[in-house]
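First the structure, in the form of structure tokens, and then the observations on it.
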Amino acid sequence: MKESCQLAAKTLNYIEDKLKVGMSTDEVNKLCHDFIIENEAYPSPLNYHGFPKSVCTSLNEVICHGIPSKKDILKDGDILNIDVTTYFKNFHGDTNRTFYIGNVKPEVKKLVQVTYECMMEGIKVCKPGARLGDVGAVIQKIAESSGYSVVREYCGHGIGREFHEEPQVLHYGTKGAGVELKAGMTFTIEPMINMGSRHCKLLKDDWTVITKDKKVSAQFEHTILITQTGYEILTLDPDGKQEPTI
Ligand code: MF3
Ligand code: CO
Ligand code: CO
């Protein structure tokens, strides 16, 4: 599972250097697809419940599950989330990052940075004996105190031999509530944070989720393991820039 998670992280590092204004999200998909296949893994999203592509590409007001397309061309000032999940030696590894395309407005960069902080602070409370409600509460507090909102319809998840397993990892909640964490658990934390209201809308393609008010949304995701003393971020690649680059 660690190897699968490391490959997912390396795929994001690989694509990061290739992103540029004028490129389509379909090209992003092709580059990631080929990289994953060359590394003898399978892109988990491809044909997952009928998803037609190998990664999710979510631009600006797209919250999650954006479908790569030749029609979606990256432009200066965009933010693009690329969500990579690999299947390698019978295990899934799931990670995503939101990238800046060209010159992004300071207010949008702030949202991206706070979203990264939400994910990291959510991860830092994880240890045996902590509860999933502790994770949700810390994420909700950071997001809402910054004037943003937390998407509630989509959440993190257990992961391993299956792409999506129990438990659901909500990005809002109450300290002390929910499932108790135990060493050996593996799950994702992947907060989706909106500049405006938390409400979302599913497009007619049955995949793309956008904000109801069309304001921007950001997301970061790591797959983590609960250890005897705390946690390990399985999708952390020491060679990669992790934080959103200013
Ligand atoms: N990678 C997404 C997640 O973080 C799930 C994508 S499902 C797909 O859980 F079918 F859209 F690929
Ligand atoms: Co996930
Ligand atoms: Co994902």
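Indexing begins at 1, ligand by ligand and atom by atom, following the structure's order.
A cation-pi arrangement, defined by a distance under 6.0 Å to the six-membered ring centre and an angle within 45 degrees of its axis, is present between K109 and Y100.
Of the N and O atoms on the side chains of Y154 and H65, not one donor lies less than 3.5 Å from an acceptor on the other residue.
In terms of heavy-atom proximity, G93 sits nearest to T223 at C-OG1, 4.2 Å. Nearest heavy-atom pair, K75 versus N60, reported as atom, atom and distance to 0.1 Å: NZ-ND2, 3.9 Å.
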For a distance cut-off of 3.5 Å, show me each N or O of ligand 1 paired with any protein N or O, plus the separation.
unit_1: ligand 1; atom_1: 1 (N); unit_2: D83; atom_2: OD1; d: 3.2
unit_1: ligand 1; atom_1: 1 (N); unit_2: D83; atom_2: OD2; d: 3.0
unit_1: ligand 1; atom_1: 1 (N); unit_2: T85; atom_2: OG1; d: 3.3
unit_1: ligand 1; atom_1: 1 (N); unit_2: D94; atom_2: OD1; d: 3.2
unit_1: ligand 1; atom_1: 4 (O); unit_2: D83; atom_2: OD2; d: 3.2
unit_1: ligand 1; atom_1: 4 (O); unit_2: D94; atom_2: OD2; d: 3.1
unit_1: ligand 1; atom_1: 4 (O); unit_2: E190; atom_2: OE1; d: 2.7
unit_1: ligand 1; atom_1: 4 (O); unit_2: E190; atom_2: OE2; d: 3.2
unit_1: ligand 1; atom_1: 4 (O); unit_2: E221; atom_2: OE1; d: 3.0
unit_1: ligand 1; atom_1: 4 (O); unit_2: E221; atom_2: OE2; d: 3.0
unit_1: ligand 1; atom_1: 9 (O); unit_2: D94; atom_2: OD2; d: 3.4
unit_1: ligand 1; atom_1: 9 (O); unit_2: H157; atom_2: NE2; d: 3.0
unit_1: ligand 1; atom_1: 9 (O); unit_2: H164; atom_2: NE2; d: 2.8

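Counting backbone and side-chain atoms alike, H157 contributes an N/O/S atom closer than 2.8 Å to the Co ion (ligand 2).
For residues 173-195, the set of pairs meeting the ring pair (Phe, Tyr, Trp, His ring centres under 6.0 Å) definition, not counting sequence neighbours, is empty.
Between K30 and D26 there is no salt bridge, since no side-chain N of the basic residue sits under 4.0 Å from a carboxylate O of the acidic one. The existence of a salt bridge linking E107 and K110 is excluded, since no basic side-chain nitrogen approaches an acidic carboxylate oxygen closer than 4.0 Å.
Near the Co ion (ligand 3), less than 2.8 Å away, sit the protein N, O or S atoms D83 OD1, D83 OD2, D94 OD1, E221 OE1.
Within 6.0 Å of CD on E165 lie more than 12 heavy atoms contributed by other residues, nucleotides or ligands.
Residues meeting the ring pair (Phe, Tyr, Trp, His ring centres under 6.0 Å) test with Y172, sequence neighbours left out: none.
Taking hydrophobic clusters as Ile, Leu, Val, Met, Phe, Trp and Tyr residues chained together by side-chain heavy-atom distances below 4.5 Å, F220 shares a cluster with V114.
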